[in-house]
Amino acid sequence: MSKESNLLKPIKVGNLVLKNRIMFPPLTTNYEERDGSIGERSLAYYERLAKGGVGYVVIGDVAPVNTATPTPKLCDDRQIPSYKKLADALHAYDCKLALQVFHPEYDVPGVGRLIRASMAAAAEAEKAKAAGDMETFASKMEESGTVRKQAFAKLHHDMLHFESEATVEQLNEIKTAMAECAKRAQKAGVDAIEVHGDRLVGSLCSTVLNHRTDNYGGCFENRVRFALEVVAAIREAAPSMMIEYKLPIVTRNADGSLRGKGGLVEEEGIEFAKMLEKAGVDMIQVAQANHTGNMGDTIPPMGTVPYNWTLPVAEKVKKVVSIPVATVGRVVTAEAGEQILENGQADIIGYGRSLLCDPDIANKVAADLPIRTCLNCNKGCVDAIGVRKYASCVLNAENGNEATVSIRPGEGNKKIIVIGGGIAGMEAARVAAVRGYTVTLFEKSDRLGGQIHLAAKPPRKNEILRAVEFYEKELVRLNVTLKLSSECSVEEMNTADAVIVTIGAHNLILPIPGADKENVVSAWEVLGGKTQVSGTCAVIGGGLVGTETAEYLLEHGCKVSIVEMMDKIASGESPTIMPLIQKDFADHEVKEFVNTKVSSVAEDGKAILATDTVSNETVTIPCDYVVMAVGSKKNTFDVTGVTAPVYYAGDCAGERTADIASAIRSAYDVANKI
Ligand SMILES: Cc1cc2nc3c(=O)[nH]c(=O)nc-3n(C[C@H](O)[C@H](O)[C@H](O)COP(=O)(O)O)c2cc1C
Ligand code: SF4
C-alpha cells in the first residue's frame, strides 16, 4: 500500500468530490446525547475518523422524529448547531458528512404519546407522595404502569405490522419529517443524506413483510413507491445535498435459504438501482437486508460468511448504473478494498467495524503502515449497542472515549521491559514504544499471542489471529526488541526504568474427588493440542471457554455433554453468535446439563457425578474424558530481588481473565502512565 493506492483516489459523487474511497458506513454508536444531538463523545469520534483520513462519514440511524429510543435525532431546529459543529469539524479535514435518515418500524408519535402519559402519571404520583397523599400516589403509579405496558404492547405490535397498517396519511407525515430533517441537515452544512433503505423503508419494499393491498403494497412498483417518494421529497427539500441510498439486499445463505427480510431480492434490487439513478440518487451503497431478529445476519461475526459477502450484488448493481456504488460488509483489510477497486467491482469501500478498530486506515494506507484489523468478534460494538452501552472496540482502548483517552508523550527516554507476549504484553509494548520509550519484550514461548492461539482453535474462531498479526508487524516497526523463547533475568529487569508484567493466567481444575485421574484434562490442554481426547467428553463449565471447547470437540468427532452450574449455557456470548452455537449443539445432539453442580469424578473415571440443584436429584453423566473449563486464575510473578518498579496488566493483574477488552485496556493504561 502507498500513496498511489486506489483507495486514496478521489471520486466525484453528485456535486461532491470525496477525497478518497474510504467510507465510514452508518453505524449506530450510542455516542450521541440523550436528546439525539451531537455531544462531545460523538464529535470526538467522528473527528478522529476525519483525522485518520476517512473521506466520507455517514452518521447511522438519524431519526427525523423524537423517538424514545437512543439514537441521533435531528427533529428540532435547536439541534442544528450541534450538527453544524460536527460538519465544520469534519470539513477541516476535507471529510464529507452524511446523515442516514431513517424511520423506525413503528408509530413513533403514537408510542411516544403513551410513554409521555405514563411519565406524566408517574410525576403526578411523586408529587402526591411528597404531599403525603398516598392514595393518589398508589393510583397514579398504577395508571403509569398500565399505560407503560400499553406503550410496549403497541411498540411490539407495530414492529411486526406497522409497514402494513400505517395509513397513507401517516406515511406522508413520515416522508415530510424526513424531508424536514434533510432541510435542517442542509442548514447545518451537512453534505449528504443517506436514505436508510432498511428499517421502515425496507419493510415496505419487502415481499415478506409488506402485506398492504393499496398503492404501497403488492407489485414491485408499489413496494418501492414510498422509497422513491422519500428520495423525491429530500431532493426537493434540500436540493444542494448529495443523496445516497443504502440498498439492502436479501442475499442467500450457503444452504440457499434467504438471508434478511426487509429489503429486495437481488433481481429486484438491481432493477431498483436503475430506478434510483433515474430518480436522482447520486450514490448507492449495496448492503445486507435486515429484519431477521438477529443482528448477526447484517453484521456477521467472524467465520460465518465469506469476506465481502455482499460484493457480488454490488458488482451487478455497478454494471447497470453510472453513479458510484459502495460495497460494505466484511471488507476487513485494506488489501481487500484495494483489490475490489482494482477489479472495478465497486467504487467506494465501506469499512464499518474496521474503522472502530483502527480509525487511521486511510493515513496508514498512504504511509504503508500496519493496520489493526477488526476481528469481526462483535463484542465491543454490536453487543454493546444491544445492551444500550456505547460502541467500544475490544482492540482499540481509545474507541468511544476519543475525547479523553489518548497516548501521552513519554517522560524522557525510559527503558521498559515487558514480561509476557500475550495480548496485554503486546499492547503494553506498543503503547510504551509509541511514547518514545525503549522497549524489550520477553516471551517464554517461541511466538507472540499467548491465549489468542487457544482462542483461535474452536470452529469459526481462526480470524481472531488477526489481533496477533497486527502486533507482529507493528512491534517490529516500532523497534521493540522481541526476545522470544526467553526469560528475563532479575539483573536485566533491574536495568529498566519499569517492568510491565503480563504473564497471564492458568486454567483451573476443579478440586473435586477424582480430579487427579488421567482422563481429567483442562480445556486449555485440549485446545493447545497438549492432550488428545476422544469418545464421549463431559465438559465441566458452560461459560464461553467451555462452550467453545465443546464445539472444538464436536469438530474433532467427539460426543459431548456440557455441565453448567448456572441456568444457562454460554451466558455472556454474543447474541450474534449464540444461534450458531445452539444449532451446532442441536445438530450434534449435545447433552446440556444446566443448574447442575458437579461433585466428583466416578471411581472408574467413566462418569461425572453431579446434583441437579433444582430437583436435588443425583445426575450421572457417562464420559470417556472430563474436560474442565471452570475458569482461570492469574499467574503470580516472583519479585524477589527486583528493584525496578513493577506494574501488572492483563490477566495477571486480576483483570477478568480471557477477556481481550480488559487485557487491552489495562495494558494501555499501565503503559500510558509510566
Ligand atoms: C455497532 C454497529 C451499528 C450499526 N448500525 C447501523 C445503522 O445504524 N444503520 C445501518 O444501516 N447499518 C448499521 N450497521 C451496519 C453497518 O453499516 C455495516 O453494514 C456492517 O457493520 C457490515 O460492515 P463491516 O463488516 O465493515 O462492519 C451497524 C453495524 C455495527 C457494527
Ligand atoms: S469489537 Fe470486535 S467486531 Fe467490533 S470493531 Fe472491535 S474487533 Fe471489530
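Values below: all heavy atoms of this structure, side chains included; hydrogens, waters and symmetry mates excluded. All ligand and atom numbering here is 1-based and tracks the order in the structure.
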Step by step, would you call Val286 with Val325 a side-chain contact (heavy atoms from CB on, under 4.5 Å)?
CA-CA 7 Å; Val286 178; Val325 173; 4.0 Å; yes
Between Tyr45 and Phe24, is the ring centre distance below 6.0 Å?
yes
Can you pull out the closest protein heavy atom to [atom]? Residue, atom name and distance to 0.1 Å, please.
atom	value
atom 1 (S) of ligand 2	Gly380 N, 3.2 Å
atom 15 (C) of ligand 1	Pro26 O, 3.9 Å
atom 4 (Fe) of ligand 2	Cys381 SG, 2.4 Å
atom 26 (O) of ligand 1	Gly352 N, 2.9 Å
atom 6 (Fe) of ligand 2	Cys393 SG, 2.4 Å
atom 7 (S) of ligand 2	Leu375 N, 3.3 Å
atom 29 (C) of ligand 1	Ile299 CD1, 3.2 Å
atom 5 (S) of ligand 2	Arg353 O, 3.3 Å

With salt bridge (charged side-chain N to carboxylate O under 4.0 Å, His left out) as the criterion, how do Asp360 and Lys51 come out once you've worked through the C-alpha distance, each side chain's angles and the decisive distance to 0.1 Å?
CA-CA 8 Å; Asp360 289 320; Lys51 196 173 165 196; over 6 Å; no
Cationic tip of Arg184 within the cone over Tyr83's six-membered ring, i.e. under 6.0 Å and within 45° of the normal?
no
Quick one: does [X] get an N or O within less than 3.5 Å of an N or O on ligand 1?
X	value
Asp61	yes
Thr298	no
Arg353	yes
Glu194	no

Say whether [X] and ligand 1 are in contact under the criterion: heavy-atom distance to a ligand atom below 4.0 Å.
X	result
Val328	yes
Asp198	no
Ala287	no

Exercise: identify the closest heavy-atom pair between Ala467 and Leu395:
CB-CD2, 4.2 Å
Cys374 near atom 8 (Fe) of ligand 2: N/O/S under 2.8 Å
yes
Validation row: [X], [Y] side chains within 4.5 angstrom (heavy atoms):
X	Y	result
Asp358	Tyr351	no
Thr28	Gln100	no
Pro370	Lys364	no
Arg430	Leu475	yes
Met283	Ile323	no

Ligand 1 atoms in contact with [X] (distance to a heavy atom under 4.0 Å):
X	answer
Gly329	22 (C), 23 (O), 25 (O)
Val382	1 (C), 31 (C)
Lys246	10 (C), 11 (O), 12 (N)

Taking NZ, NE, NH1 and NH2 as the nitrogens, is one of them in Lys246 or Asp198 under 4.0 Å from a carboxylate oxygen of the other?
no
For Lys379, is there an ion pair with Asp659 - N to carboxylate O distance below 4.0 angstrom?
no
Taking atom CD1 of Ile464 and atom CZ of Arg460, what is their separation to the nearest 0.5 Å?
12.0 Å
Take a 6.0 Å sphere around NZ of Lys73 and say whether it holds more than 12 heavy atoms from other residues, nucleotides or ligands.
yes
Short N/O/S contact of Cys377 with atom 2 (Fe) of ligand 2 (below 2.8 Å):
yes
Per-atom contacts of ligand 2 with Asn378, taking only distances under 4.0 Å to non-hydrogen atoms
2 (Fe), 3 (S)
Output the list of atoms in ligand 2 that are nearer than 4.0 Å to some heavy atom of Asn376, sorted by atom number.
3 (S), 8 (Fe)
Heavy-atom distances under 4.0 Å are what count here, so tell me which part of Thr28 touches ligand 1: side chain, backbone, both or neither.
both
Once you restrict to heavy atoms under 4.0 Å, what part of Gln100 touches ligand 1? Side chain, backbone, both or neither.
side chain
